[in-house]
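Remarks on the structure that follows.
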Amino acid sequence: MPEDSEVKPSWAEQVEWGEDETLPPAREDYDEKTKTKTVTEYTYNSESKKVKVVRTYKIETRKVAPSIAKRKAWKKFGSASNDAPGPNPSNTIMSEETFMQFVHSKENLQTDAEEDPLAKLKGHKIVSCRICKGDHWTTKCPYKDTLAPPQENADSDKAKEGEGGASAGSPAAQRLGKYVPPNMRDGGNRRGETMMGNRRDEAATIRVTNLPEDTIEADLQELFRPFGSISRIYLAKDKATGQSKGFAFINFHRREDAARAIAGVSGFGYGHLILNVEWAKPSGTQ
DNA sequence: TATGAGCGA
C-alpha cells in the first residue's frame with residue numbers, strides 16, 4: 001500500500017519562483033512492495049510552460065558497498081523521522097552519478113587523453129622565444145644578441161630591399177622594429193663579434209669562495225688587481241642584512257689574467273681563512 | 001652555506 005507524503009518544492013525552487021507562485025507542490029510516493037519511490041514535481045520549462053516531472057527511484061535495489069547499504073538502513077531521526085526512505089527532495093538534491101577515474105585504469109586514461117584539455121596543454125610549450133620560437137625565454141635565447149635567428153625568411157628581406165631607405169643595421173632586425181644597439185648596426189652583428197662582447201664576459205669570470213665575512217669589494221680589488229685589469233667585482237651579500245655570504249665573482253677583461261689569478265690566489269691564506277678560487281659557471285638555469 | 005639579480009609570455 002503506497003504511503004504518500006507531501007513535500008515542499010525544493011528551497012532553491014521556492015526562491016526562484018517567488019512567493020506567489022501557484023505551482024502544485026511536489027509529492028513523493030513510496031511503494032513498499034516494489035521499493036519504488038515516485039517523485040512528482042511541477043516546474044517551468046525553458047518556454048515558461050508549466051510541466052510535470054515524474055521521477056521514480058528504486059530504493060535499496062541498487063548494488064552498493066555493504067557499508068553504504070547499511071547506512072541506508074539507518075532510521076531517520078529528528079524532523080526527518082517521518083520521511084520516506086531515500087533522499088527528501090525538499091532538502092536534498094540528487095546529482096547525476098559521478099564516475100571517478102582511477103590512475104590504475106590505464107586503458108581508459110589512454111582513450112580519454114585526447115579529449116582532456118590538460119593533456120592537450122601538456123604538449124604545448126608555455127614559453128616560446130620571441131626571437132627563434134624556441135622553448136626558452138627570449139632573454140635566454142642564444143640569438144638574443146644577434147637579434148636574428150639564422151636564415152630569417154629571406155624572401156621578405158628581398159621584398160623590403162626594393163623600398164630602399166635606411167641602409168643601417170641588421171636588415172632583418174630593423175625591419176622587425178626591434179631595437180638595434182649602436183654596436184650592432186651597419187653590419188656589426190657578425191657572429192664572431194657578438195660572441196666576444198657577450199654575456200658579461202663569462203669567459204673571464206672567477207669565483208672566490210671561503211672569503212672572511214668582513215671582506216669588502218675594495219679588498220678583493222686590491223687582492224686581484226696584480227693579475228690584470230678587472231671589469232667587475234661582485235661580492236655576494238644577503239639582500240636584507242647586507243651580510244657577506246663569503247663568496248664573490250671577479251671579472252677580468254682577459255681570460256689569461258683570470259687564469260693566473262686562479263693559480264695565484266687559490267689556496268692563499270687570507271685573513272683567518274684559505275681562499276678557494278675557480279672558474280665561475282654562469283648562474284641560473286642556463 | 002654558497003654560482004650573482006632581474007625581467008617575463
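Proteins come first, then strands; the chains are lettered A, B, ... in the order of their sequence lines, and each starts at number 1.
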* salt bridge (Lys or Arg N to Asp or Glu O under 4.0 Å) assessment of A:K237 paired with A:E217 -> CA-CA 11 Å; A:K237 286 185 259 202; A:E217 280 92 343; 3.4 Å; yes
* For A:R27 and A:D29, run salt bridge (Lys or Arg N to Asp or Glu O under 4.0 Å): C-alpha distance rounded to whole Å, both residues' side-chain angles, the deciding distance at 0.1 Å, then the answer. => CA-CA 7 Å; A:R27 59 183 290 125; A:D29 307 315; 3.5 Å; yes
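The side-chain contact (heavy atoms from CB on, under 4.5 Å) with A:Y270 is formed by just one residue from the set A:L223, A:L220, A:V208; it is A:L223. The residue from A:I262, A:T209, A:L211 that alone fulfils the side-chain contact (heavy atoms from CB on, under 4.5 Å) condition with A:N276 is A:T209.
Nearest nucleotide to the A:R232 side chain, out of B:dA2, B:dG4, B:dT3: B:dG4. Each of B:dT3, B:dA5, B:dA9 was ranked by its minimum atom distance to the side chain of A:Y234; first place goes to B:dA5. Checked against B:dT3, B:dA2, B:dA9, the side chain of A:R207 finds its nearest nucleotide in B:dT3. Each of B:dA9, B:dA2, B:dG4 was ranked by its minimum atom distance to the side chain of A:N210; first place goes to B:dA2.
Rounded to whole Å, atom P of B:dA2 lies 19 Å from atom CD1 of A:I250. For the pair A:L275 CG and B:dA2 C1', the interatomic distance rounds to 14 Å; values are reported in whole Å. The interatomic distance linking A:L211 (CG) with B:dT1 (C1') rounds to 13 Å, in whole Å. Rounded to an integer number of Å, the gap from A:I206 CD1 to B:dG4 C1' is 14 Å. Across the protein-nucleic acid pair, A:N251 atom CG and B:dG4 atom P stand 14 Å apart, rounded to whole Å. Across the protein-nucleic acid pair, A:L273 atom CG and B:dA2 atom P stand 15 Å apart, rounded to whole Å. Here the P atom of nucleotide B:dA2 and the CG atom of A:L235 are 17 Å apart, to the nearest Å.
Hydrophobic cluster membership differs between A:F247 and A:V277, with clusters built from Ile, Leu, Val, Met, Phe, Trp and Tyr side chains linked at under 4.5 angstrom.
In this structure, A:R130 is not positioned above the aromatic face of A:W137 in the sense of NZ or CZ being under 6.0 Å from the six-membered ring centre and within 45° of the axis.
In the model, A:D219 has no side-chain atom that pairs as donor or acceptor with a side-chain atom of A:Q221 under 3.5 Å.
Of the possible donor and acceptor atoms, one in the side chain of A:S231 sits under 3.5 Å from a partner among the backbone N and O of A:N251.
Shown for residues 213-227 of chain A: no residue has heavy atoms falling under 4.0 angstrom of DNA chain B. Residues of residues 237-245 of chain A having a heavy atom closer than 4.0 Å to DNA chain B, listed by number: A:K239, A:K245.
The CD1 atom of A:I230 sits 4.5 Å away from the CZ atom of A:F252 when rounded to the nearest 0.5 Å.
Where A:F249 and A:W137 each meet DNA chain B at their nearest nucleotide, the meeting point lying more 5' is that of A:F249.
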